[in-house]
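Everything below concerns the one structure shown next.
Here the structure is a predicted model, which means the values were calculated and not measured. Sequence lines set the chain letters: A, B, ... in the order given, protein chains first and strands last, and positions in each chain run from 1.
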Amino acid sequence: MGKLPAWADVILIPLISLLLAAGLSALVILAIGESPVEAVKLMVSGALGSSYGWGYTLYYATNFMFTGLAVAVAFHARIFNIGGEGQAILGGLGVALVCLYVPWPHWSLALIFAILGGAVFGALWAAIPAYLQARRGSHIVITTIMFNFIAAGLLIYLLNELLKPLGQMEPASASFPEGAHLPSLGDLLGMFGIDMFGRTPANISLLIAIIACFGVWVLIWRTRLGYEIRAFGHSESAAKYAGIDPINTTMIAMLISGGLAGLMAINNVMGEAERLVLNATEGAGFIGIAVALMGRNHPFGVFLAAILFGFLYQGGAELALWTSIPREMIVVIQALVIMFTGALDDMVRAPLIKLFDVFRSPARDQVPAE
Amino acid sequence: MDFLTLFQVGDGAIRLAIPLLLACLAGLFSERAGIFDIGLEGKMLAAAFFSAAISAHFAFNPMGGYIEAEVCDARNVCTMQEQPVHYIAPVWIGLMAGIAASLVLSLIHGLASITFRGNQLISGVAINFLAAGLTVVIAQSWFAQGGRTPSLSGRDDAGRTLEGGRFESIDWPGAFTRIREMRDASPGMQFYSELVSGHTILVYLALFTVPLSWWVLYRTRFGLRLRAVGENPAAVDTAGISVVGLRYAAVGICGVLCGIAGAYLSTAVQAGFTKDMTANRGFIALAALIFAKWRPWYALGACLLFGLFFAIENRFPDIRVPALGIIAFLLVSSALMMVYALRNLKIDVIVLGTLSAIFVAIALGIGVSVESITQSVKLPTQLIQSLPYILTVIAVAGFVGKAIPPRAGGEPYVKER
């Protein structure tokens, strides 16, 4: 059995997995008596057919870029950070504290400190599971799941008891002051005389997310730390032998991962809601898992997969609006993508390897005789 | 607090513990065989939906149709009414459907993690999402009630009383059922009426599953092999026993138990399915499993303990503790952490030091916000709800009795050639 060429590994396998997931989803849509073709048409026109649709698609995509990067960085160290949800909740708390209690003169200043606040709170929330994994060998999947629930409880408590303004019934913080208002993509393009995206929530955080994608690429493939993280992920014993400290590497990889998940809050809390509400993350932390798997843990792949999922989210909302297909259909698609790209990878890969073996010219691959 | 209140809380604890217990034992079989399963939640949810949906179908459309029969009420007034004819109670068909749904998801998990040697955690995550999405999509398509099933108790559209759509509680002989009778009874009788009697058949079944699991795991050849395959699959393989077969068997048992747990939620506790009705019970069961160190009797203890937390929280939403107690607790635990940290690595000092600082800050915050330090403050309900999660983190941290998982857990077995 040979190996797959790189292009097949990076492009073909995710594509086949995606097609399988799409095919099964189409079957589900058929089974509930709707037309899959109509559904796809609606999704495409709703999510990509107008600048309004694009605005929402890019807004969702921004969330998923941050959480996808978070999962991807941890995956490189062979850590499964399932706690993106909790880290994003805490990131929201950090951003909200920064925006609420400081009278910012200009949004750019507010943004810098909100980035710090979100990243630090997200990283801190990842720190304890990371520490327990590194020092006590506690399974990080278990601890991060538990920390998701603890974060949700903490947020409910803080919103109800401390952050809620007097006399308000809804468990939400006060609205952020004007100085913390981020310009939307529509505003930014408006400065150049381009009228796009209208009043959609896509905002300047998208640019931060793209910078973060680039930053993660530099970190993972162009720095010593990234090398250490990847080496640790490939083989812990070899990394140890090469003088890489497993405790530090686990801690740092998880801190970066948690920080990226926390960064999501500048998009959904600061950019969209402009106050801290319950369930602001809307499961984006979990979608990060699908995005990272789909994007093969590469920042550019994460970028593309995030846009794909942004499209699915916006398209799914349109579906729920115009057909009897409920919004939860997106959760099904998400589940199938995770299943095929993550867990059933071998099911796609093994036949493909055989196929390539058949078509490969035998002479080229033969090991020269000694 | 009188005995009756105590027994009522105990009764609530049992009711809340049962789905946890079934799911926990399900996870126990799976993980003892070396297959991590974080898809318990999804399997329960799928089972909850299908058991409620199928049960509703047969409750609304009896297999034997309707016959005219004379029905007499408590005052002996008899009228002719249409009566449904069920050859078998709809809820039992529902239970079977729930188990089947859960088994299908188990099979997918087995396929991904045993046959295709994929990542078991990722497969579990996918199964949770699959169940969360599909149940609502199908519920909407079948019943068009916003992702729920019709109520299994009450009447149908023609005004006929629904029968057999739920598991009803069984009253033991001589047990009191009215609260007034119970209040005047002796503590022994209160115990019998409140705690022993008055549960559905699934509760007794679930409690019986504990000794059964223990017996299967520790007293049968199958159990020994199952445990061995989770510790050292290569050795089992060398002995000529199929690793794949054993693991599929374990995953199948897990599916059956999760199915019962889900059916219990929608047809015994509630009268129908609602969106996301499992409410993280699958994950709490996972927590209980770790807390129980992967042992059946401990699992019963852990689930009852977690059930008790929820029962207390339901019954007494307003628990007050002296502020001094909380402050002392926070200060002492931060001091303990610092003592541990200072005797170890620099990283311990950084992490635990930060944590201690946060604890001290919270303690100071409480100290400043109360008028006098002896005043009692209300414990947040969220804190009590989060206790199972916090306790689990402490348990896996291994500071108090380390929980060691099966050694080959989570790793696909590759046969040597």
With no hydrogens and no angle check, is any side-chain donor or acceptor of B:D348 less than 3.5 Å from a backbone partner on B:L345? yes

Is A:T323 reaching over with its side chain to a backbone N or O of A:L319, donor-acceptor style, under 3.5 angstrom? yes

Side chain, backbone, both or neither: which part of [X] has a heavy atom under 4.5 Å from chain B?
X	value
A:F80	side chain
A:I32	both
A:N248	side chain
A:I82	side chain
A:I150	both
A:I128	side chain
A:F340	neither

Are there residues of residues 20-29 of chain A whose heavy atoms fall under 4.5 Å of chain B's heavy atoms? If so, which? A:V28

Can you confirm whether [X] is buried at [atom1], in the sense that more than 12 heavy atoms of other residues, nucleotides or ligands lie under 6.0 Å from that atom?
X	atom1	value
B:R320	CZ	yes
B:K275	NZ	no
A:R78	CZ	no

Under a 4.5 Å cutoff for heavy-atom pairs, which residue among [options] has the most contacts with chain A?
options	result
B:I127, B:I347, B:I284, B:I108	B:I347
B:L111, B:T115, B:V125, B:N128	B:V125
B:S123, B:G118, B:A131, B:S386	B:S123

Compile the donor-acceptor pairs under 3.5 Å between side chains in residues 290-297 of chain A and protein atoms, sequence neighbours left out, one pair per line.
| from | atom 1 | to | atom 2 | distance (Å) |
| --- | --- | --- | --- | --- |
| A:R296 | NE | A:D9 | O | 3.4 |
| A:R296 | NH1 | A:L293 | O | 3.4 |
| A:R296 | NH2 | A:D345 | OD1 | 3.3 |

For A:T144 and A:N81, does a side-chain donor sit closer than 3.5 Å to a side-chain acceptor? no

Top of A:R327, A:M329, A:E161, A:R135 for chain B proximity - count of heavy-atom pairs under 4.5 angstrom: A:R135

Highest number of heavy-atom pairs under 4.5 Å with chain B: which of A:T143, A:T341, A:I142, A:L154? A:I142

So, do A:H76 and A:F232 have ring centers that fall under 6.0 Å from each other? no

With a 6.0 Å cut-off on ring centres, are B:Y389 and B:F283 close enough? no

Report, one line per pair, each donor and acceptor closer than 3.5 Å where one atom sits in a side chain of residues 350-364 of chain B; sequence neighbours left out.
| from | atom 1 | to | atom 2 | distance (Å) |
| --- | --- | --- | --- | --- |
| B:T354 | OG1 | B:I350 | O | 2.6 |
| B:S356 | OG | B:S334 | O | 3.4 |
| B:S356 | OG | B:L352 | O | 2.6 |

Provide the full list of ring pair (Phe, Tyr, Trp, His ring centres under 6.0 Å) pairs with a residue in residues 114-138 of chain B, sequence neighbours left out, each pair given once. A:F286-B:F129

Show the numbers, then the answer: is there a salt bridge (Lys or Arg N to Asp or Glu O under 4.0 Å) between A:D245 and A:K240? CA-CA 6 Å; A:D245 181 9; A:K240 233 186 254 176; over 6 Å; no

Contact origin within B:Q385 toward chain A - heavy atom pairs under 4.5 Å: neither

